[in-house]
*Asks:* 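Have a look at the structure that comes next, please.
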Amino acid sequence: MAKTIRTQVGIIGSGPAGLLLSHLLDKHGIETIVLERQSRLHVEGRIRAGVLEQGTARLMREAGVNERMDNEGLVHDGVSLAFGNRVERIDFRAHTGKGVIIYGQTEMTKDLIQARLNAGKAIEFEAPALAVEDYRTGTPRIIYEKNGERHEVICDFVAGCDGSHGVSRQSIPAEQLTLFEKVYPFGWLGILAEVPPVNDELIYINHERGFALCSMRSHTRSRYYIQCALEDHVENWSDEDFWKELHRRLPSAAKDQLVTGPRLEMSIAPLRCFVAEPMRFGKLFLAGDAAHIMPPTGAKGLNLAASDVFFLSRALTAYYAEKRTDLLDRYSETALRRVWGSIRFSLWYTSLLHKFDEDPFNHRIQLADLTYMTGSEAARTSFAENYIGLPFEKFE
Ligand code: FAD
Ligand code: DHB
């Protein structure tokens with residue numbers, strides 16, 4: 001029989017945005033329901049981002065879900081940039097006093113799910129939202145499906161945290177949205193393998209054959225990416241082919257350190273940038289990938305989902321505690337200012353490191369830009385403060 005559930009905030013999506021929001025609201029006694037299209041196994045198995053900014057780590061602590069992150073996460077105080085025949089390190093700690101935490105999005109998601117279930121709060125898995133209704137004027141409703149039946153959630157507010165292909169944004173009439181989009185002519189082919197990383201910090205590589213990134217999930221698990229053609233397929237790549245191509249692109253000093261092994265996962269992510277404005281429609285609020293995606297260079301996607309949740313959780317908490325609506329009214333403008341700030345960095349960093357064409361002039365310009373960036377104290381500081389993440393409070 002069809003159910004009607006009442007709650008204060010209906011959250012669509014159990015990615016980092018939806019889960020973090022549910023925890024932060026829970027801390028303030030605000031009731032939530034989380035609907036998730038996929039199974040728990042599927043959500044916990046997705047390999048995605050790996051770098052947490054300070055602000056994201058701080059929200060995990062505020063949510064009280066930080067134990068494993070703080071015990072197992074690796075604090076990185078810098079990254080290296082390899083270009084020409086050089087490797088230059090940028091020291092975040094020296095320039096900003098802060099670092100980033102290497103902790104997989106997969107692990108963060110598992111922790112947030114387990115903590116919510118431990119607290120006796122439900123996540124409705126395999127319960128796709130089909131539509132959001134009446135969010136403009138009346139009491140919003142989320143129509144969803146579970147076990148082949150249609151149900152509804154009636155709530156004060158809806159948080160659309162359902163990623164770039166979710167229904168929240170699709171529930172808004174097209175003429176009320178302004179979309180900004182940029183598509184890149186290449187993708188990233190990524191491998192995850194149970195082998196020690198080539199270096200104890202990340203290396204971003206500008207190479208004549210294309211971009212490469214040496215990342216990791218732990219001291220024993222490596223994550224590597226190489227730039228590939230947009231039309232390429234994982235089936236075209238054996239493990240051996242991948243390691244050979246990565247080896248070619250590594251700086252000389254790292255080549256001998258490369259340990260290879262069978263893939264745990266291999267996937268291709270196309271590079272794309274997309275922003276939907278505004279992020280608020282009456283009582284429906286978009287957060288995370290539902291409103292914006294960007295090229296992965298600089299690892300901003302997950303961290304922007306967290307900053308949206310910071311602004312939205314503050315706004316909803318002020319509403320329930322003091323009946324204040326000013327932060328809700330400002331949510332879209334505030335969140336978008338930080339979104340565009342991160343996009344600016346991601347696009348610039350993408351343009352600096354990838355091979356766009358065969359024109360040697362363009363490669364020379366990239367090398368000159370990298371030489372300036374790593375050689376100037378001011379430019380290094382600017383890079384470091386963007387990489388570790390612009391402080392949320394600056395945008396409030
Ligand atoms: P998501 O994590 O996408 O979560 C949305 C959730 O909503 C999902 O669980 C989805 O199943 C659910 N959902 C969707 N539709 C419905 C519905 N109708 N009803 C109910 N639930 C629904 N960022 C980086 O910084 N570095 C990376 O290396 C990186 N790699 C990536 C690789 C891939 C393949 C992808 C897709 C993204 C990657 N990103 C990366 C981006 C980063 O992972 C995202 O920015 C981050 O996941 C955003 O979190 P979110 O909660 O907003 O969205
Ligand atoms: C990772 C992804 C990124 O986009 C990045 O800039 C750094 C690390 C990663 O998946 O480890």
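Keep in mind that what you see is a predicted model, and the values were worked out from it rather than measured. Basis for what follows: all heavy atoms, side chains included, without hydrogens, waters or symmetry-related copies. Residue numbers count from 1 along this sequence. Just follow the structure's listing: the first ligand is 1, and inside any ligand the first atom is 1.
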*Asks:* Decide whether E88 and T374 meet the rule of one side-chain donor and one side-chain acceptor closer than 3.5 Å.
*Replies:*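 E88 vs T374: no donor-acceptor pair found between side chains.
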
*Asks:* Under 4.0 Å between a Lys/Arg side-chain N and an Asp/Glu carboxylate O for E62 and R314?
*Replies:*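 Looking at R314 together with E62, the answer is yes, because their closest N to O distance falls below 4.0 Å.
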
*Asks:* Is it true that E53 and K300 have a side-chain N and a carboxylate O under 4.0 angstrom from each other?
*Replies:*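 Salt bridge present between E53 and K300.
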
*Asks:* Please give the N or O to N or O pairs under 3.5 Å between ligand 2 and the protein, distances rounded to 0.1 Å.
*Replies:*
| unit_1 | atom_1 | unit_2 | atom_2 | d |
| --- | --- | --- | --- | --- |
| ligand 2 | 4 (O) | P296 | O | 2.5 |
| ligand 2 | 6 (O) | Y204 | OH | 2.6 |
| ligand 2 | 6 (O) | P296 | O | 3.4 |
| ligand 2 | 6 (O) | G298 | N | 3.0 |
| ligand 2 | 6 (O) | A299 | N | 3.1 |
| ligand 2 | 10 (O) | R217 | NH2 | 2.8 |
| ligand 2 | 10 (O) | Y225 | OH | 2.6 |
| ligand 2 | 11 (O) | S215 | OG | 2.5 |
| ligand 2 | 11 (O) | R217 | NH1 | 2.7 |
| ligand 2 | 11 (O) | R217 | NH2 | 3.4 |

*Asks:* Using a 4.0 angstrom limit on heavy atoms, which residues are close to ligand 1?
*Replies:*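 The answer is I12, G13, S14, G15, P16, A17, L35, E36, R37, Q38, R46, R48, A49, Q105, P128, A129, C161, D162, G163, G166, V167, Y225, G288, D289, A299, K300, G301, L302, A305, counting any residue whose heavy atom sits under 4.0 Å from ligand 1.
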
*Asks:* Got a list of side-chain donor-acceptor pairs under 3.5 Å for residues 41-51, not counting sequence neighbours?
*Replies:*
| unit_1 | atom_1 | unit_2 | atom_2 | d |
| --- | --- | --- | --- | --- |
| E44 | OE2 | R40 | NE | 3.0 |

*Asks:* Given a cutoff of under 4.5 Å between side-chain heavy atoms of I, L, V, M, F, W and Y, with clusters grown through shared members, what are the other residues clustered with V183?
*Replies:*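 Hydrophobic cluster check, V183: no partners found.
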
*Asks:* Any chance the rings of F211 and Y225 have centres within less than 6.0 Å?
*Replies:*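 No - the distance between ring centres of F211 and Y225 does not fall below the 6.0 Å cut-off.
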
*Asks:* Please work out which of the three classes, parallel, tilted or perpendicular, describes the rings of F92 and Y387, given edges at 30° and 60°.
*Replies:*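 Ring orientation, 0 to 90° scale: parallel.
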
*Asks:* For residues D232 and L189, determine if any side-chain heavy atom of one lies less than 4.5 Å from a side-chain heavy atom of the other.
*Replies:*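 A side-chain contact is absent here, since even the closest heavy-atom pair is not under 4.5 Å.
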
*Asks:* Below 4.0 angstrom, N of the basic side chain to O of the carboxylate: do E245 and R209 qualify?
*Replies:*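 Yes.
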
